[in-house]
> 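Quick one: structure below, then a few questions.
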Amino acid sequence: MTLISQNIDEAKKRLEGGELVAIPTETVYGMAANAFDEQAVKRIFAVKNRPFYDPLILHTSSLEKIASWQLVIPQPLNVLAEKYWPGPLTLLLPKTKFISDFVTAQLPRVAIRIPNHPMALALLEKLNFPLAAPSANPFGYVSPTTAQHVKQHFEGKINMILDGGDCDVGIESTIVGMEDKEVVVYRLGGLSLEKIETLVGPVKVKASSSKPDAPGMLIRHYSPGKEVIAIDSQEELNAISIKQTAFILYDLEKPEVHQENLIHLSRNASDEEAARNFYRALQHWEGRSDIRRIVIQRLPDFGLGRAINDRLKRAIGK
Ligand code: TXA
Ligand code: MG
């Protein structure tokens, strides 16, 4: 039995005892464990079926705690931290003796973030260790944005899900670090490139060469047998038959589609609303054998549209 509860003290007690607890964040749900407890960290990899070469993000509640583990935030990343923490920003910092090689997969840096979710923050404030937490999905599947999504995969496999409602941002954090004196974005995510560049100037994007999940895994593994087709224009959309097909659209229209086979990510063309709805939409037709393929409209390539398009690219393996 997996307990779904809003009891923060219960979550604290279990985490202190070395158990796994799925926790809400503003981006997606995380599969959390005490980052300073190697056995607990190993349990994360086991339950997610995650390879040990894929490093974990540490979550905590304050810059003071980060400094207490002797982690130093270099210029100009400290400017980002001050403005966007708590928030959907993960920083790669040179690791220290406090951080285990299991967490970083032997890499020289550690990923850290302060999430912006009231329950997560309340929990983290009560803990004297950081929480290692990858997204709470089996390796290669779509990230969960509700407690129910977590339960679908991990019922009976973990003891507790801390239920913090629907995730507000809906896609994973943006991962940022330094190479020489240059700011580098390693994963596009919930904090837009534009917001980052406003503070630190032009950055280098290396997002496609990072390997969070192998390309093509996202939807194929999640909904086996469903083909994913990305489209850009009304003309392309018009040419597609509605037979056995579901549609995830942004601002285009397909009037002949039955309502139950159509999701509009945002009625008022908001990239933030689209991000919030994206993973939920991908999971919507799971188990519907009459739906053979999903047609998804690409978003304009700015703001969170970039991050959504990046996930879409991985989903179709191109
Ligand atoms: O929004 C998020 O970031 C969510 C929530 C739960 O905080 N977490 C998340 O974790 O998306 P995960 O495990 O699904 O993605 C972590 C990715 C790794 O796959 C890797 O690409 C990068 O972060 N990463 C973590 N530690 C790293 C390190 N030491 N060096 C380089 N990349 C690292
Ligand atoms: Mg993940």
> Is the closest side-chain heavy-atom distance between D166 and D168 below 4.5 Å?
no

> Do D251 and R267 sit within salt-bridge range, that is, some charged N less than 4.0 Å from a carboxylate O?
no

> Quick one: do E194 and R306 make a salt bridge, cutoff under 4.0 Å?
yes

> Do side-chain atoms of H264 reach the backbone of S266 as a donor and acceptor pair under 3.5 angstrom?
no

> For residues L262 and W285, report the shortest heavy-atom separation together with the two atoms involved.
N-CZ2, 3.8 Å

> Working to the nearest 0.5 Å, report the span between CZ of R311 and CG of L188.
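Reported value, rounded in 0.5 Å steps: 7.0 Å.
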
> State the CD1-CG distance between I248 and N277, to the nearest 0.5 angstrom.
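Here the interatomic distance stands at 10.0 Å.
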
> List the atom of A246, the atom of I291, and the distance in Å for their closest heavy-atom pair.
CB-CG2, 3.8 Å

> Taking the basic N atoms (NZ, or NE/NH1/NH2) and the acidic carboxylate oxygens, is any pair closer than 4.0 Å for E19 and R14?
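Here E19 pairs with R14 in a salt bridge, since their nearest N and O are under 4.0 Å apart.
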
> I'd like to know if K95 pairs up with D101 as an ion pair, taking the criterion as any Lys NZ or Arg NE/NH1/NH2 lying under 4.0 Å from an Asp or Glu carboxylate oxygen.
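Result for this pair is yes, salt bridge flagged.
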
> Given 3.5 Å as the limit, does a donor-acceptor pair link the side chain of E197 with the main chain of V203, or not?
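Yes: the side chain of E197 pairs with the backbone of V203.
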
> Examine I294 and F278 and state if one hydrophobic cluster contains both, with Ile, Leu, Val, Met, Phe, Trp and Tyr joined whenever side-chain heavy atoms are less than 4.5 Å apart.
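Both belong to a single hydrophobic cluster.
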
> Could you tell me which non-hydrogen atom of K65 sits nearest to which non-hydrogen atom of L127, and how far apart they are?
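Minimum heavy-atom contact is NZ-O, 2.9 Å.
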
> Pair N34, E16 - check side chain to side chain contact (heavy atoms under 4.5 Å, CB included), show working.
CA-CA 7 Å; N34 177 353; E16 285 171 345; over 6 Å; no

> Nearest heavy-atom pair of I4 and A147: which atoms, and what distance?
CG2-CB, 4.4 Å

> Can you tell me if Y279 and E172 form a side-chain donor-acceptor pair at under 3.5 Å?
yes

> Roughly how far, to the nearest 0.5 Å, is CD of Q152 from CD of E155?
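E155 CD to Q152 CD: 11.0 Å, rounded to 0.5 Å.
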
> Apply the test side-chain hydrogen bond (donor to acceptor under 3.5 Å, both in side chains) to residues Q70 and T96: give CA-CA distance (whole Å), side-chain angles for both, the deciding distance (0.1 Å), then the verdict.
CA-CA 7 Å; Q70 295 176 8; T96 63; 5.5 Å; no

> Are any non-hydrogen side-chain atoms of V110 and L56 less than 4.5 angstrom apart?
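When only atoms from C-beta onward are counted, L56 and V110 do not touch, as no gap falls below 4.5 Å.
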
> When clusters are formed by joining ILVMFWY residues with side-chain heavy atoms under 4.5 Å apart, either directly or through shared neighbours, do L191 and V200 land in the same one?
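Yes, one cluster joins them.
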
> Test I114 against L121 for side chain to side chain contact (heavy atoms under 4.5 Å, CB included), laying out the working first.
CA-CA 8 Å; I114 302 179; L121 279 175; 3.8 Å; yes

> Ion pair present between R113 and E26, side-chain N to carboxylate O less than 4.0 angstrom?
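Yes, R113 and E26 are salt-bridged.
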
> Go through the steps for Y250 and E273 under the test side-chain hydrogen bond (donor to acceptor under 3.5 Å, both in side chains), then give the verdict.
CA-CA 10 Å; Y250 185 56; E273 187 181 16; over 6 Å; no

> Within this structure, what is the CD-CG distance for the pair E179 and L92, rounded to the nearest 0.5 Å?
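CG of L92 is found 9.5 Å from CD of E179.
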
> If you apply the rule side chain to side chain contact (heavy atoms under 4.5 Å, CB included), what do you find for L20 with N159, and how did you get there?
CA-CA 7 Å; L20 303 183; N159 292 329; over 6 Å; no

> Using a 3.5 Å distance criterion without hydrogens, assess whether the side chain of D163 forms a donor-acceptor pair with backbone atoms of S5.
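Absent.
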
> Does this structure show an ion pair linking E286 with K226, if we count only N-O contacts that are shorter than 4.0 Å?
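No, E286 and K226 are not salt-bridged.
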
> What's the separation between atom OG in S173 and atom CG in N116, rounded to the nearest 0.5 Å?
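That separation rounds to 12.5 Å.
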
> Any salt bridge between E10 and K13, counting N to O under 4.0 Å?
yes

> Answer yes or no: is there a donor N or O on one side and an acceptor on the other, between the side chain of Q297 and the main chain of A230, under 3.5 Å?
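The answer is no, because no donor-acceptor pair under 3.5 Å joins these two groups.
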
> Can you confirm whether or not the ring centre of F36 sits under 6.0 Å from the ring centre of W69?
yes

> From Q6 CD over to I161 CD1, what is the distance, rounded to the nearest 0.5 angstrom?
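So the gap between those two atoms works out to 12.5 Å.
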
> Applying a strict under-4.5 Å side-chain criterion to I, L, V, M, F, W and Y, I'd like to know whether L282 and I229 cluster together.
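Shared cluster, no.
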
> Using the side chain to side chain contact (heavy atoms under 4.5 Å, CB included) rule, take M1 and M160 through it: C-alpha gap first, then chi angles, then the decisive distance, then the call.
CA-CA 9 Å; M1 261 296 284; M160 180 174 177; over 6 Å; no

> Under a 4.5 Å cut-off applied to non-hydrogen side-chain atoms, are Y186 and T174 in contact?
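Side chain of Y186 against side chain of T174, heavy atoms only: no contact under 4.5 Å found.
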
> Please say yes or no: joined through hydrophobic side-chain contacts below 4.5 Å, possibly via intermediate residues, are I231 and I296 part of one cluster?
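No; I296 is not reachable from I231 via cluster members.
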
> Less than 4.5 Å apart, any side-chain heavy atom of I112 and any of L93?
yes

> Can you check whether K243's main-chain N or O pairs, donor with acceptor, with T245's side chain at less than 3.5 Å?
yes

> Would you confirm whether the ring centroid of H153 sits within less than 6.0 angstrom of the ring centroid of Y141?
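Centroid separation for Y141 and H153: below 6.0 Å.
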
> List the steps and the verdict of salt bridge (Lys or Arg N to Asp or Glu O under 4.0 Å) for E272 and R276.
CA-CA 6 Å; E272 292 181 2; R276 186 150 56 236; 5.6 Å; no

> Can you list the steps and then say if E82 with N78 is a side-chain hydrogen bond (donor to acceptor under 3.5 Å, both in side chains)?
CA-CA 6 Å; E82 268 151 41; N78 55 344; 4.9 Å; no

> Side chains of H59 and L124, heavy atoms from C-beta outward: is any pair under 4.5 Å?
yes

> Check R298 with D232, please: is the shortest side-chain N to carboxylate O separation under 4.0 Å?
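The answer is yes: the pair qualifies as a salt bridge.
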
> Could you pull out the closest heavy-atom pair between I171 and G189, with the gap in Å?
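That would be CD1-C, 3.9 Å.
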
> Output all residues satisfying side chain to side chain donor-acceptor pair (under 3.5 Å) with T60, sequence neighbours left out; order by chain, then residue number.
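Side chain to side chain donor-acceptor pair (under 3.5 Å) check on T60 returns nothing, list empty.
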
> If you measure from the Lys or Arg side-chain nitrogens to the Asp or Glu carboxylate oxygens, is any gap between K254 and E256 under 4.0 Å?
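E256 and K254: salt-bridged.
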
> Are V79 and V183 grouped together when hydrophobic residues (ILVMFWY) are joined by side-chain heavy atoms under 4.5 angstrom apart?
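The answer is yes; both residues are in one hydrophobic cluster.
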
> Can you tell whether the side chains of D9 and K126 come within less than 4.0 Å, N to carboxylate O?
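Yes.
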
> Any heavy-atom pair between the side chains of D54 and F139 that's under 4.5 Å?
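Yes, their side chains come closer than 4.5 Å.
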
> Side-chain contact, heavy-atom cut-off 4.5 Å: K195 with Y84?
yes

> Say whether T145 and R280, considering side chains only, have a donor N or O and an acceptor N or O under 3.5 Å apart.
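No, R280 and T145 have no side-chain donor paired with an acceptor closer than 3.5 Å.
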
> In the structure I gave you, are the side-chain heavy atoms of V103 and L58 within less than 4.5 Å of one another anywhere?
yes

> Donor-acceptor pairs under 3.5 angstrom involving side-chain atoms of residues 39-49: please list them, not counting sequence neighbours.
unit_1 : atom_1 : unit_2 : atom_2 : d
R43    : NH1    : G18    : O      : 2.5
K48    : NZ     : S135   : O      : 2.6
K48    : NZ     : N137   : O      : 2.9

> Is it true that, when you exclude F52 itself, more than 12 heavy atoms of the residues, nucleotides or ligands shown sit nearer than 6.0 Å to its CZ?
yes

